[in-house]
K.L.:
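Below you will find the structure I want to go over with you.
For ligands, and for the atoms within them, numbers begin at 1 and follow the listed sequence.
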Amino acid sequence: MNKKKLVFSGVQPTGNLHLGNYLGALRNFVSLQKEMECIYCVVDLHAITTFQDPSQLTNNVLETVASFLATGLNPEKSIIFNQSSVSAHTELAWILNCVSRIGWLNRMTQFKDKAGGEKEKASVGLYIYPNLMAADILLYKATHVPVGADQKQHLELSRDIAQKFNKDFKCKDFFPLPEPLIPKNVSRIMSLRDGTKKMSKSEESDYSRINLKDSADEISKKIKKAKSDSDTIPDNFKKLEDKPEALNLITIYSEVSKKDINKVMIEMSGKEYSFLKTKLAEILISEITPVGKEIRKLLEDKTHLRRILKKGKEKASIIAEENLKNIREKVGLL
Ligand code: TRP
């Protein structure tokens with residue numbers, strides 16, 4: 001049994017990471033780095049399951065690496081690399097395509113959401129995307145996977161694939177079953193304009209999100225304009241169930257300040273939302289603008305960023321090649 005703990009996670013290079021990415025993933029990555037061995041991958045092959053402009057894709061990969069570093073990931077401690085640079089990911093993905101079942105993929109809600117009504121026109125890559133994600137994780141025999149709540153189903157699929165592989169090839173415990181690490185309390189940071197939608201890069205209005213590269217001025221303006229509520233703040237967040245925008249502001253405040261949401265409710269109870277907004281803007285500015293500055297600075301030296309990826313690729317390849325060799329053997333490939 002593989003007892004060693006190993007963290008793996010992937011982030012899509014969409015460029016322009018926002019507060020949702022920061023609170024839901026990056027900040028968590030940094031604290032895990034202190035406790036365990038970690039591998040953080042910029043998943044460029046997942047990105048191209050929907051069309052990406054080639055020159056933008058390259059820049060987005062570099063910008064994602066810059067965001068990793070700016071939030072505190074240390075390339076001496078953690079392995080940081082881009083998925084397509086280690087070809088073992090795609091090779092294992094093929095093998096796992098043959099283990100995974102069509103029925104399993106048909107249940108994936110993210111495919112249904114992303115493909116929308118146009119299933120027939122979606123790329124095959126988008127459909128088998130979860131198998132590639134399983135390959136990412138299993139290639140390193142990762143035991144822990146920090147992800148947002150929206151990836152829980154994909155992680156369960158990875159576990160099913162691991163289990164079926166172990167059973168089909170009669171190698172009990174060969175692949176450890178990866179555990180999801182989903183941030184407690186908030187799993188979702190929502191749009192500032194519509195509290196029922198996730199904060200997302202693809203929402204048209206830039207006022208819907210706080211980008212890591214936003215200036216102090218932009219952050220203030222966006223928080224000021226964010227939808228809230230005309231009532232005063234109640235004493236319990238459960239009373240905000242039908243006011244998702246107000247709840248979202250409370251959640252963001254609680255997360256960024258690392259204060260328990262119940263404590264935040266006591267602090268804010270009876271006050272106007274404008275009071276919360278002032279506090280929230282202050283704390284966001286002090287936490288986010290230094291990260292944005294660092295991202296900009298890092299982006300001025302792309303050679304440095306490429307060098308970090310190259311080193312990461314070398315380290316990742318050693319583990320990947322060794323594991324892939326054993327996997328090929330299990331399957332009986334010469
Ligand atoms: N699908 C994940 C997302 O969109 C990204 C991802 C790809 C990932 N491979 C992974 C996350 C492996 C964790 C582990 O967020």
K.L.:
Against heavy atoms of Val145, which atoms of ligand 1 measure under 4.0 Å?
P.N.:
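Reading through ligand 1 atom by atom, the close ones are 13 (C), 14 (C).
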K.L.:
Should you measure from each heavy atom of His46, which atoms of ligand 1 turn up under 4.0 Å away?
P.N.:
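Checking each atom against His46, I get 7 (C), 9 (N).
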K.L.:
Give the numbers and elements of all ligand 1 atoms closer than 4.0 Å to a heavy atom of Val43.
P.N.:
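Going through ligand 1 atom by atom, the ones under 4.0 Å from Val43 are 7 (C), 9 (N).
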K.L.:
Which residue and atom name correspond to the protein heavy atom nearest atom 6 (C) of ligand 1, and how close is it?
P.N.:
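Of the protein heavy atoms, Gly10 O, 3.8 Å lies nearest.
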K.L.:
For ligand 1, which atoms, with element, lie under 4.0 Å from some heavy atom of Tyr129?
P.N.:
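Listed by number with element: 1 (N), 2 (C), 3 (C), 4 (O).
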K.L.:
Between Tyr273 and Glu245, do the side chains contain an N or O donor and an N or O acceptor separated by less than 3.5 Å?
P.N.:
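Glu245 and Tyr273 do not have a side-chain donor-acceptor pair below 3.5 Å.
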K.L.:
Give the atom numbers and elements of ligand 1 that come within less than 4.0 Å of a heavy atom of Val147.
P.N.:
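Result: 11 (C), 13 (C).
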K.L.:
Please check if the side chain of Gln83 supplies one atom and the backbone of Leu45 the other of a donor-acceptor pair under 3.5 Å.
P.N.:
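Yes; at least one donor-acceptor contact below 3.5 Å.
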K.L.:
Relative to ligand 1, is Ile137 under 4.0 angstrom through side chain, backbone, both or neither, heavy atoms considered?
P.N.:
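Under 4.0 Å from ligand 1, Ile137 contributes side-chain atoms alone.
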K.L.:
Under 30°, 30 to 60°, or over 60°: which ring-plane class applies to Phe29 and Phe68, parallel, tilted or perpendicular?
P.N.:
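Rings of Phe29 and Phe68: perpendicular, over 60°.
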K.L.:
Can a salt bridge be assigned to the pair Glu314 and Lys310 using a cut-off of 4.0 Å between side-chain N and carboxylate O?
P.N.:
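Answer for the salt bridge query: yes.
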K.L.:
Look only at the side chain of Asn82 and the backbone of Val42, and say whether a donor-acceptor pair between them is shorter than 3.5 Å.
P.N.:
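Judged by distance alone, no pair lies under 3.5 Å.
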K.L.:
Do Asp53 and Ser55 pair up side chain to side chain, a donor and an acceptor below 3.5 Å, judged on atom types alone?
P.N.:
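Note: Asp53 and Ser55 side chains meet the donor-acceptor criterion.
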K.L.:
Heavy atom under 4.0 Å from ligand 1: found in Gln151's side chain, backbone, both, or neither?
P.N.:
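Side chain only.
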K.L.:
Using 4.0 Å as the upper bound for N to carboxylate O, is an ion pair formed by Asp214 and Arg209?
P.N.:
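No, Arg209 and Asp214 are not salt-bridged.
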K.L.:
Which of the atoms in ligand 1, numbered in the order shown and given with their element, are less than 4.0 Å from a heavy-atom of Asp136?
P.N.:
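Ligand 1 atoms under the 4.0 Å threshold to Asp136: 7 (C), 9 (N), 10 (C).
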